[in-house]
Peer 1: 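I am attaching a structure below and will ask some questions about it afterwards.
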Amino acid sequence: MKVALPRCTQWISVTIPSLVLITWSATDVNAQAISDHGLETVFVQTNAQDVDSVAESSNPDSSANPSELQEPGRDDGAEPASPSTEPVAPATAPPPATARTQAASSSQSVQEKRAAAMAKMKGAYAGVFYANNFSYLDDPYYNGPRYFSDCFKNIQTRYGTLSLGGESRYRYHDERNMRGLGITGNDDTFWLTRNRLYADWHINDTFRIYAEALDANSGGEIYAPRPIEENDFDIQNLFVDVKLLDGPDGTLTARLGRQELLFGAQRTVSPLDWANTRRTFQGVRGNYQQGDTSIDAFWTELVRVDPKGSDDVSSDIQFYGTYLTQQNTSLGTLESYYLGSDNHFIGFSEQTLGSRVSGATDNGTLYDFEGAYQFGSDATDDRHSAGFFSAGLGRNIETDFFSPVVWCRWDRASGEKDFNEVGQGDGGYDHLYPLAHKYLGFMDLFGRRNLDDFNVFTQTPLTEKVSLILWYHYFRLVEATTPYSVVMTPYNTTTPAASKDLGHEIDVLLNYNINPRNNVVLGYSHFNAGDYYDAPTIGPADGKNDADFFYFQYTTRY
């Protein structure tokens, strides 16, 4: 198979003369948004709606709401590289005044096209890598920075277009009183490393094959790694796309195989980028798009991680549904979904109906509302009836020194009232497959069940490349039973809650976008335990219920 690597040749010819340039370009081989918070690359993963044309972190961008946090690694202040040659219009000679008007208009148009191409470069990596878009590399108006990995994108071969790439991530954890799930009394320090490699082969306009592998490791820990921290080199994505319809009536694409899922704000469906391993499924999915409308329908089975062996599909855990997104309505972006979840291991079947509306008013007020009702059968003899809602209002505050984005939010999810029935399949709301880290505190102490979370979020750009995130949470129980972990296990099954006061969490995160492919995150979180933990049979035996979390993360994409 013949391939052409013109961008590689160009990069080598430019950088070989200078060892300094070689070193810098090698550093630029970078790796998403956080963002749940994730900020996900560290955190948050980008709020992609996972229709392949939409980009996903880890870190919030300076104007978005917390549900649309941008991944680290994106840099809105990238320095332009040497100018590229612009398309030249035929040299006709209009009258002087007209010529000046047209020249001004042409100059403005060129600047807008350059800005659009630069924006494509910064958003090239999505929350799911199969939605990456490197079309800016073939845009004649793009005059921004070039990276060595560019030469492995959009490679023209005899049998279609091939793109190769990946991500490497390194994170250090220092956890006090929280190693495990919740307030455990255990301290630990350790390193997490993760590498992802992918190949995206567009055979023609109809067929596409995508493959991605992931390797995740943990080292230096005292206690056993969490289930989301280790997975020896395994298949993360491997699917075939077939375009069934492509015309004025829209596009319809069928996908078959192993695939990550990411929908909406990731409150219900996410690949969980904050984890060292990422969540994936196997099955079939159809996506229809026309203009601002996107409709997804899917039926999948969960792929269960085997840290040392091959990850296998679990036919006992099925996940299916439909997800509709309508952008640019009079209310902003509207989303509606039906999600079904059957777990035959535990013995429950839950159906979830939900919707979300988000956007900004004419006066600049930001808003984000989402809610869902859940019904079906519990692992007990009861019928399932539960729900959640999330309500948030925000504002971009302009000052002479800083311009922070400020959000106030209330998140509430129902819980099981009967303490004798608490468990993974009880009557409380099941948050399904979310990026909880993006919403309920960076310490991941609580899952979205039997929980009230009153929180205030601020993100402040300090410089062109550095931003500061401050997030305060006050947690309370809805029912006087028990809080739940991010995997929906009850924290305590022996003593009903004497108090609903769980406590306060403060998160501080410093995000440094070295450039659009390299990102550094430094974070610290503190949990001040509430009265719930004062009971002698709840919390660590030594009665020290507060917790601290310090972490450092570097991500590079290539």
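Numbering of residues begins at 1 and proceeds along the displayed sequence. Everything numeric here is computed off the predicted structure, so don't read it as measured data.
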Peer 1: Answer with yes or no whether the side chains of Trp191 and Asn217 bring together a donor and an acceptor at under 3.5 Å.
Peer 2: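 The answer is no; no qualifying pair exists.
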
Peer 1: So, using side chain to side chain donor-acceptor pair (under 3.5 Å) as the criterion, who are the partners of Asp426 when residues are at least two apart?
Peer 2: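 Testing Asp426 for side chain to side chain donor-acceptor pair (under 3.5 Å), a comparison that skips the adjacent residues, returns Arg449, Tyr484.
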
Peer 1: Please determine if Arg356 forms a cation-pi arrangement with Phe369, meaning its NZ or CZ atom is less than 6.0 Å from the six-membered ring centre and no more than 45° off the ring axis.
Peer 2: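 Geometry flag: not set, cation outside 6.0 Å or 45°.
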
Peer 1: Look only at the side chain of Gln289 and the backbone of Leu252, and say whether a donor-acceptor pair between them is shorter than 3.5 Å.
Peer 2: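 Between the backbone of Leu252 and the side chain of Gln289 there is no qualifying donor-acceptor contact (under 3.5 Å).
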
Peer 1: Without swapping roles, check the side chain of Asp234 against the backbone of Asp311 for a donor-acceptor pair under 3.5 Å.
Peer 2: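 Flag set: sc Asp234 to bb Asp311 pair under 3.5 Å.
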
Peer 1: If we ignore hydrogens and angles and just use 3.5 Å, is the side chain of Asn276 paired with the main-chain N or O of Thr193 as donor and acceptor?
Peer 2: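 Present.
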
Peer 1: With under 30° as parallel and over 60° as perpendicular, where do the rings of Tyr210 and Phe239 fit, or are they tilted in between?
Peer 2: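 Parallel.
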
Peer 1: Classify the ring geometry between Phe475 and Phe527 as parallel (under 30°), tilted (30 to 60°) or perpendicular (over 60°).
Peer 2: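 Phe475 vs Phe527 ring planes: tilted.
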
Peer 1: Is any side-chain heavy atom of Leu272 closer than 4.5 Å to a side-chain heavy atom of Tyr433?
Peer 2: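 Leu272 does not reach Tyr433 side chain to side chain.
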
Peer 1: What is the ring orientation for Phe442 with Trp471, classed by angle as parallel under 30°, tilted 30 to 60°, or perpendicular over 60°?
Peer 2: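 Aromatic pair Phe442/Trp471 classed perpendicular.
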
Peer 1: Arg194 and Asp215: salt bridge (charged side-chain N to carboxylate O under 4.0 Å, His left out), yes or no, with the steps?
Peer 2: CA-CA 6 Å; Arg194 187 180 77 184; Asp215 182 69; over 6 Å; no

Peer 1: Pair Asp452, Arg476 - check salt bridge (charged side-chain N to carboxylate O under 4.0 Å, His left out), show working.
Peer 2: CA-CA 5 Å; Asp452 271 322; Arg476 288 183 60 85; 5.8 Å; no

Peer 1: Under 3.5 Å, side chain of Arg171 to main-chain N/O of Trp274, donor-acceptor pair present?
Peer 2: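 Yes; at least one donor-acceptor contact below 3.5 Å.
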
Peer 1: Within the side chain of Ser349, is there an N or O that forms a donor-acceptor pair under 3.5 Å with the backbone of Gly376?
Peer 2: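 Absent.
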
Peer 1: Report yes if some heavy atom in the side chain of Thr493 is under 4.5 Å from a heavy atom in the side chain of Val422; otherwise report no.
Peer 2: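 Side-chain contact under 4.5 Å: yes.
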
Peer 1: If the condition is side chain to side chain donor-acceptor pair (under 3.5 Å), which residues does Arg179 pass it with, not counting sequence neighbours?
Peer 2: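 Arg179 satisfies side chain to side chain donor-acceptor pair (under 3.5 Å) with Asp188, Glu229 once adjacent residues are dropped.
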
Peer 1: Can you name the residues that form a ring-ring contact (aromatic ring centres under 6.0 Å, His included) with Tyr472, not counting sequence neighbours?
Peer 2: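 Partners of Tyr472 by the ring-ring contact (aromatic ring centres under 6.0 Å, His included) criterion, ordered by chain and then number, come out as His504.
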
Peer 1: So, the side chain of Asn237 versus the backbone of Glu260: is there a donor-acceptor pair under 3.5 Å, distance only?
Peer 2: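 A pair under 3.5 Å: yes.
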
Peer 1: Are any non-hydrogen side-chain atoms of Asp296 and Ser294 less than 4.5 angstrom apart?
Peer 2: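 Side-chain contact under 4.5 Å: yes.
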
Peer 1: Please enumerate all residues that pass side chain to side chain contact (heavy atoms under 4.5 Å, CB included) together with Tyr373, with sequence neighbours excluded.
Peer 2: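 If we apply the side chain to side chain contact (heavy atoms under 4.5 Å, CB included) test to Tyr373, skipping adjacent residues, the hits are Phe375, Ser385.
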
Peer 1: Under the 3.5 angstrom rule, does the side chain of Thr280 hit a backbone N or O of Gln236 as a donor-acceptor pair?
Peer 2: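 Yes, because the side chain of Thr280 sits within donor-acceptor range (under 3.5 Å) of the backbone of Gln236.
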
Peer 1: For Tyr524, what residues pass the ring-ring contact (aromatic ring centres under 6.0 Å, His included) criterion, not counting sequence neighbours?
Peer 2: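 Expected list: none.
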
Peer 1: Determine yes or no for a side-chain-to-main-chain donor-acceptor pair under 3.5 angstrom, with Asn450 supplying the side chain and Leu477 the backbone.
Peer 2: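 Answer holds: no.
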
Peer 1: With no hydrogens and no angle check, do the side chains of Ser168 and Asn195 hold a donor and an acceptor under 3.5 Å apart?
Peer 2: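 Result is yes, a qualifying pair exists.
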
Peer 1: Show the atom names and distances, to 0.1 Å, of all donor-acceptor pairs under 3.5 Å that link a side chain in residues 299-309 to residues at least two apart or in another chain.
Peer 2:
residue: Thr300; atom: OG1; partner: Phe319; partner atom: O; Å: 2.8
residue: Asp306; atom: OD1; partner: Lys308; partner atom: N; Å: 3.3
residue: Asp306; atom: OD1; partner: Gly309; partner atom: N; Å: 3.1

Peer 1: Is there a donor-acceptor pair under 3.5 Å between the side chain of Lys500 and the backbone N or O of Glu479?
Peer 2: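 Here the side-chain-to-backbone pair does not exist.
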
Peer 1: Does His437 use its side chain to pair, donor to acceptor, with the backbone of Asp273 at less than 3.5 Å?
Peer 2: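 No.
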
